[in-house]
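Chain identifiers are assigned alphabetically (A, B, ...) following the order of the sequence lines, protein sequences preceding nucleic acid strands; residue numbering begins at 1 within each chain. From a predicted model like this one, the values you see are computed outputs, not experimental measurements.
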Amino acid sequence: MEQILEAALAEAISCCQKTGLIRVKSPQKIVVQPPTDSKLKSPGDLSTNIALELASQARQPPRQIAQAIVDHLHLDNALIAKVELAGPGFINFHVQQAWWYQTLFKIEEQKTRYGDLDLGGGERVQVEFVSANPTGPLHIGHGRGAAVGDVLANILQKAGYDVQREYYINDAGNQMSMLGRSVLARYRQLSGQQVSFPDKGYQGDYIKDIAQQIINEEGDKLSAKPEAEAIAYCTGFASRKILAGIKDVLKDFGVSFDSWFSEQSLYDQGLVEQAIQTLKNREYIEEREGALWLKSSALGDDKDRVVWRSNGEPTYLAADIAYHQHKYRRGFKKVIDIWGADHHGYINRLKAAISALGQDPQSFNVLLVQLVSLVRKGVPVAMSTRQGEFTTLIEVLDEVGVDAARFFFLTRRCDSQLEFDLELAKQQSAENPVYYVQYAHARICSIIRQAQQAGITLPTVHEVDLELLKLTAEIELIKKLAEFPALLKGSALASEPHRLTFYVLDLAGRFHKYYHRQRVITGHEGETAARLALVNSIKTVLGIVLNLLGINAPEQM
RNA sequence: GCGCCUGUAGCUCAGCAGGAUAGAGCAACGGACUUCUAAUCCGUAGGUCGUAGGUUCGAAUCCUACCAGGCGUACCA
């Protein structure tokens, strides 16, 4: 519909240009969209601001331009009921009611595929998220990243991309050896030895639990081994345990990855050296003070960065460069990394590195998710894995449930900080918005069951007289359903999963209002059939969105 | 110091590539269960969109400066 109107407007404008009614030379992009303010007294179904856009160029009053356009507009009466000017020069189109009914046919025909787009054209995209070090359990902040990444991947999939979900396991480097040393220290303490705990070691109780497991399985065998060997054993044992735990929680949280990529594997295959060699060949590496520097300042970074230390060891950045080179070698056209906002200082240097590797930095996107600050009974809780003060994701899931947690993480824009008060979340659980949406779905299921008990089978859209759906609330509901594909598109283009949450809340709200004002199952057979078809369409769309959000769509509550 | 994010109703937040009279939810107050699920609905009240300039026909939205909060600025990961 929008395209039809845009074409008609373009024709009318060029006609006005020729006759000199509108004094513009270069054509402006015409946009037809639903009016932004739905509370308007007489809202047009679709609206364009083109006359306002043209006003300054034409040096003519916008209303005069709008009038000229309208006078030259040729539209099919079967589609458009009325065209009118409004406000400073908006042109509003009132679409024929019958046109909206097509949405219902589309939903019935496409079912769960309703809203599918071909935005991506099958292009391969990778979404990498969570990627927490296997040095401790996932905390609440990782939960937000997991929810955002998972839902974004779902959205992109529905928008026609070939999406891979990957978790990058930072299983190499100092942090890992610190993990091993922490576990070994606890192992020795549990074995009755007096040993000091390493500075900046991991202090959480889970370290003791792991040490105890080693004792259970290996006894005191480790004490006899050389230090380095014992540390290596502890590191390997602990990281396997922790990673297994991470995988379990993510599974419980409804997040599944296509690929778990090990940082260590980059070293094992010599890919880190290879990546640095690529950069050398491309002359982006410089040796200074015994270290190798990436000349990133020439590529938009604040300064140059060390990739190979003077002590002969690569930096974390070197591994990350190799990792991203590997991503491109695997054929991804678009690479999306989801990071905690505390890593934002890292974007420019990695972007610079990607340019240096010869890849288009535009193809590399980082979605920053602002930190979750955890509050318990009003008291802020620090979330440092090292100090062992954190609330794990699993604890949060136990308290508020998977559906509520996922929904809560997505009720905010990514770049807005989230304060998660566990007490509040518990208190609100009965009134949590997620139930509001699920309840709408369950309610519709209940109506359909009720109808079936009364011997009324759920009609197809073709079988009913849609003209009976003529209440404002009904048309508004259908319009809301019609909006969904465009919403999904915007959400995919902007990488903004939260839009789905707000959409589904709105849709559920409109349904609840409708439910209270009108009965679906009435004495009138035709009316009942038409309304059943309508609510069934709503149910389909609610189901699609809940599915994208990874939240259950219950048949009853 | 420099950089990134945020600042919208008492609280938590929307506001989609500037558009029409800035919207929800919660909390507050007043109502609705012989009716398809009251996990719901209806009504009332609540605002110099951090401040000051600028761009424009038009700014919560774009630009500049400042104020406040958060985060970052390693040969750590």
Side-chain angles (χ1 to χ4, degrees), chain A residues 31 33 35-41 43 47 49 52-53 55-56 59 61-62 86-90 92 133 135 170 172-176 178 200 263 288-293 302-303 305-311 313-317 319-320 340-348 368 370-371 373 411-419 421 424 428-436 438-440 442-451 453-454 486-487 489-491 493-494 496 498-499 501-503 505-506 509 511-522 528 531-532 535 556-557:
Chain A
V31 180
Q33 58 187 356
T36 45
D37 189 351
S38 55
K39 286 261 167 114
L40 289 172
K41 281 174 197 159
S47 176
N49 63 351
L52 295 157
E53 296 280 353
S56 65
R59 302 195 157 280
F90 291 96
N92 291 342
N133 291 0
T135 54
N170 296 124
N174 296 343
Q175 302 291 342
M176 292 308 292
M178 183 57 77
K200 297 181 183 172
E263 180 187 3
R288 287 204 302 263
E289 301 151 22
L292 295 184
W293 298 71
D302 297 342
K303 48 184 169 183
R305 307 288 174 177
V306 171
V307 290
W308 217 279
R309 291 188 276 245
S310 50
N311 68 4
E313 285 180 19
T315 60
Y316 178 81
L317 179 61
D320 228 3
D342 53 337
H343 290 86
H344 78 252
Y346 210 74
I347 296 177
N348 282 344
L368 285 181
Q370 286 295 324
L371 303 182
S373 58
T411 47
R412 227 136 291 193
R413 261 163 43 236
C414 286
D415 45 17
S416 172
Q417 285 168 221
L418 172 62
E419 192 178 80
D421 190 320
L424 205 67
Q428 288 184 340
S429 63
E431 291 163 344
N432 195 305
V434 70
Y435 299 118
Y436 184 82
Q438 290 182 319
Y439 188 48
R443 233 179 193 172
I444 295 172
C445 292
S446 174
I447 294 169
I448 293 169
R449 275 196 304 271
Q450 199 75 28
Q453 276 166 25
L487 178 105
K489 184 178 176 186
S491 184
L493 286 175
E496 291 187 349
H498 76 275
R499 291 191 197 179
T501 327
F502 286 92
Y503 172 81
L505 274 168
D506 190 4
F511 165 71
H512 284 308
K513 282 187 218 303
Y514 177 66
Y515 171 89
H516 274 270
R517 289 184 175 172
Q518 311 297 334
R519 286 187 63 82
V520 173
I521 302 167
T522 67
T528 302
R531 288 181 176 179
L532 278 172
V535 297
Q556 56 187 8
M557 287 171 76

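For B/rC75, the base has a donor-acceptor partner in the side chain of A/Ser310 [N/O atoms by modelled type, under 3.5 angstrom]. Between the base of B/rA20 and the side chain of A/Asn92 there is a donor-acceptor pair shorter than 3.5 Å. At a cut-off of 3.5 angstrom, counting only N and O atoms as typed in the model, there is no donor on one side facing an acceptor on the other between the side-chain of A/Thr315 and the base of B/rA74.
Within 4.0 Å of A/Ala454, counting heavy atoms only, lies no atom of the nucleic acid at all. Backbone-only engagement by A/Thr411 is indicated by non-hydrogen atom pairs under 4.0 Å involving sugar-phosphate atoms exclusively. A/Gln556 comes within contact range of at least one nucleobase, with a heavy-atom separation under 4.0 Å. Base engagement by A/Gln417 is indicated by at least one non-hydrogen atom pair under 4.0 Å involving a base atom.
Along RNA chain B, the nucleotide closest to A/Phe90 and the one closest to A/Glu289 are compared, and the more 5′ of them pairs with A/Phe90. Of the two residues contacting RNA chain B, namely A/Asn133 and A/Thr522, the nearest-nucleotide position lying further toward the 5' end is that of A/Thr522.
One finds no side-chain N or O of A/His344 lying less than 4.0 angstrom from the OP1 or OP2 phosphate oxygen of B/rU6. For the OP1/OP2 pair of B/rA74 and a distance below 4.0 Å, the side-chain nitrogens and oxygens of A/Arg305 include no atom meeting the criterion. Contact annotation: A/Tyr435 side-chain N/O to B/rA38 OP1/OP2 distance is not under 4.0 Å. Distances shorter than 4.0 Å separate some side-chain N or O of A/Lys303 from OP1 or OP2 on B/rA74. For A/Arg519, no side-chain nitrogen or oxygen approaches OP1 or OP2 of B/rU35 to under 4.0 Å. An OP1 or OP2 oxygen of B/rC41 is reached within less than 4.0 angstrom by no side-chain nitrogen or oxygen of A/Arg443. Put simply, A/Arg531 has no side-chain N or O that comes within less than 4.0 Å of OP1 or OP2 on B/rC36. A sub-4.0 Å separation between OP1 or OP2 of B/rU40 and a side-chain N or O of A/Lys513 is absent.
With a 4.5 Å cut-off on side-chain heavy atoms, A/Arg412 and A/Gln417 do not count as touching. Residues A/Gln370 and A/Leu418 are not in side-chain contact: their nearest non-hydrogen atoms beyond the backbone lie 4.5 Å or more apart. Looking at heavy atoms from C-beta onward, A/Thr315 lies in side-chain contact with A/Arg309 at the 4.5 angstrom threshold. Side-chain contact between A/Gln450 and A/Ile521 is present, with heavy atoms from C-beta onward closer than 4.5 Å. Residues A/Val434 and A/Thr411 have side chains not in contact (no heavy-atom distance under 4.5 Å, counting atoms from C-beta outward). Inter-residue side-chain proximity for A/Arg443 and A/Met557 is flagged as unmet; no heavy-atom pair is nearer than 4.5 Å. The closest side-chain heavy-atom distance from A/Leu317 to A/Tyr346 is below 4.5 Å.
Set against B/rC41, B/rG19, B/rC75, the side chain of A/Glu53 has B/rG19 as its closest nucleotide. When distances run from any side-chain atom of A/Asn174 to the nucleotides B/rA20, B/rA77, B/rC5, the shortest one goes to B/rA77. Set against B/rA38, B/rC71, B/rU12, the side chain of A/Tyr515 has B/rA38 as its closest nucleotide. With B/rA14, B/rG19, B/rA77 as the choices, the nucleotide that has an atom nearest any side-chain atom of A/Ser416 turns out to be B/rA14. The side chain of A/Arg413 has B/rG7 as its nearest neighbour among B/rG7, B/rG19, B/rU40. The nucleotide whose nearest atom lies closest to any side-chain atom of A/His512 is, among B/rC41, B/rC5, B/rC36, B/rC41. Nearest to the side-chain atoms of A/Tyr436 among the listed nucleotides B/rC36, B/rC41, B/rC75 stands B/rC41. The nucleotide whose nearest atom lies closest to any side-chain atom of A/Ala86 is, among B/rC5, B/rG15, B/rA20, B/rA20. When distances run from any side-chain atom of A/Ser446 to the nucleotides B/rC36, B/rA77, B/rG69, the shortest one goes to B/rC36. Taking only side-chain atoms of A/His498, from C-beta outward, the nucleotide of B/rA14, B/rC42, B/rC41 with the closest atom is B/rA14.
Between the P atoms of B/rA24 and B/rG43, the separation comes to 10 Å (whole Å). Remark: the separation of the P atoms in B/rC26 and B/rG18 is 32 Å, to the nearest Å. With both ends at atom C1', the span from B/rA32 to B/rU51 equals 46 Å, rounded to whole Å. B/rA22 and B/rC49 are spaced 8 Å apart, taking the C1' atom of each and rounding to whole Å. Here, B/rG53 and B/rG69 have their C1' atoms 24 Å apart, quoted to the whole Å. Atom C1' of B/rA45 sits at a distance of 26 Å from the matching atom of B/rA39, rounded to the whole Å. Distance check on atom P: B/rC66 versus B/rC4 gives 13 Å, rounded to whole Å. Look at the C1' atom in both B/rC11 and B/rG7: the space between them is 15 Å, to the nearest Å.
Residue A/Asn432 contributes atom CG, which lies 17 Å from atom P of B/rU12 at whole-angstrom precision. Between the P atom of B/rC16 and the CZ atom of A/Arg499 lies a distance of 7 Å, rounded to the nearest Å. One can place CD of A/Glu263 at 9 Å from P of B/rA77, the figure rounded to the nearest angstrom. The nearest whole Å value for the distance from the CG atom in A/Asp342 to the P atom in B/rU73 is 9 Å. In this entry the distance linking CG of A/Leu418 with C1' of B/rC13 reads 11 Å, nearest Å. Rounding to whole angstrom units, CG of residue A/Asn348 and P of B/rC4 are separated by 9 Å. The distance between atom CG of A/Leu368 and atom P of B/rU6, rounded to the nearest whole Å, is 11 Å. Rounded to whole Å, the distance from CD on A/Gln33 to P on B/rA20 is 11 Å.
Helical stems of RNA chain B (runs of at least 3 Watson-Crick or G-U pairs, donor-acceptor distances under 3.5 Å) are listed by first residue: B:1-7 with B:67-73, B:10-13 with B:23-26, B:28-32 with B:40-44, B:50-54 with B:62-66.
Base orientation of B/rA17: syn, since the glycosidic angle falls within 90° of 0.
Side chains of A/Thr528 and A/Thr522: a donor on one and an acceptor on the other come within 3.5 Å. Side-chain contact check for A/Asn170 and A/Tyr316: at least one donor-acceptor pair (N or O, by modelled atom type) lies under 3.5 Å. A/Tyr514 and A/Arg531 share a side-chain donor-acceptor pair at under 3.5 Å.
The shortest non-hydrogen separation linking A/Val535 to A/Phe511 is CG1-CE1, 3.9 Å. A pairwise comparison of heavy atoms in A/Leu52 and A/Pro62 identifies CD2-CB, 3.7 Å as the closest pair.
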